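Note that the structure is predicted; figures quoted are calculated from it, not measured.
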Amino acid sequence: RSRRPGSAVGVEIVHLLRCFPDHSIADLHGLAEELVGVEAATAGGRRVGGNELVWRGQLLAEHLFVQDYAIASTDMIHYVVCRQ
C-alpha cells in the first residue's frame, strides 16, 4: 500500500525464522537483521536505535529468552525497522 511521505509504511514482508526456546531475544534480533539486511546501531557494544521485535503488541526484551514468553511455533513476530 502506498501512503503519504512521513506516515507509517503499510508494507509487510514475511521471512521464516526458526527459533528455539533457549534462543535469547538478542539472538533473534541478530537473525532478523541478517535476514532483512540491516545493521544494528550500537553504542558501547549494546544495541541502540529503533529496530524492535514485537509480539502481540509487546516489545520483546533482549535480555530475556523465547521461553520467557508464551510464543508458539505458529506465532508471528514482527521486526520493526526504524527508517533513517
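The hydrophobic cluster of Phe65 has no other members, since no ILVMFWY side-chain heavy atom comes under 4.5 Å of it. Side-chain heavy-atom separations under 4.5 angstrom define the hydrophobic clusters, and Leu16 shares its cluster with no other residue.
Atoms NE2 and CD1, on His63 and Ile25 in that order, are 10.0 Å from each other to the nearest 0.5 Å.
Here the closest heavy-atom approach between residue Glu52 and residue His29 is recorded as CA-CE1, 3.8 Å. Here the shortest heavy-atom pairing between Leu59 and Tyr69 reads O-OH, 4.1 Å. For the residue pair Tyr79 and Glu33, the shortest heavy atom distance occurs at OH-CG, 3.1 Å.
Val80 and Leu31 sit in two unconnected hydrophobic clusters of ILVMFWY residues. Membership requires side-chain heavy atoms under 4.5 Å apart, directly or through other members. Taken together through direct or relayed side-chain contacts under 4.5 Å among Ile, Leu, Val, Met, Phe, Trp and Tyr, Leu17 and Ile77 form part of one hydrophobic cluster. A single hydrophobic cluster is not seen to contain both Val54 and Leu35; linkage of ILVMFWY side chains at heavy-atom distances under 4.5 Å, directly or through other members, places them apart.
Among residue pairs with one or both ends in residues 65-82, those qualifying as salt bridge (Lys or Arg N to Asp or Glu O under 4.0 Å) are Arg56-Asp75; sequence neighbours excluded.
Only one option out of Asp27, Leu28, Ile71 pairs with Cys19 in a side chain to side chain contact (heavy atoms under 4.5 Å, CB included); it is Leu28.
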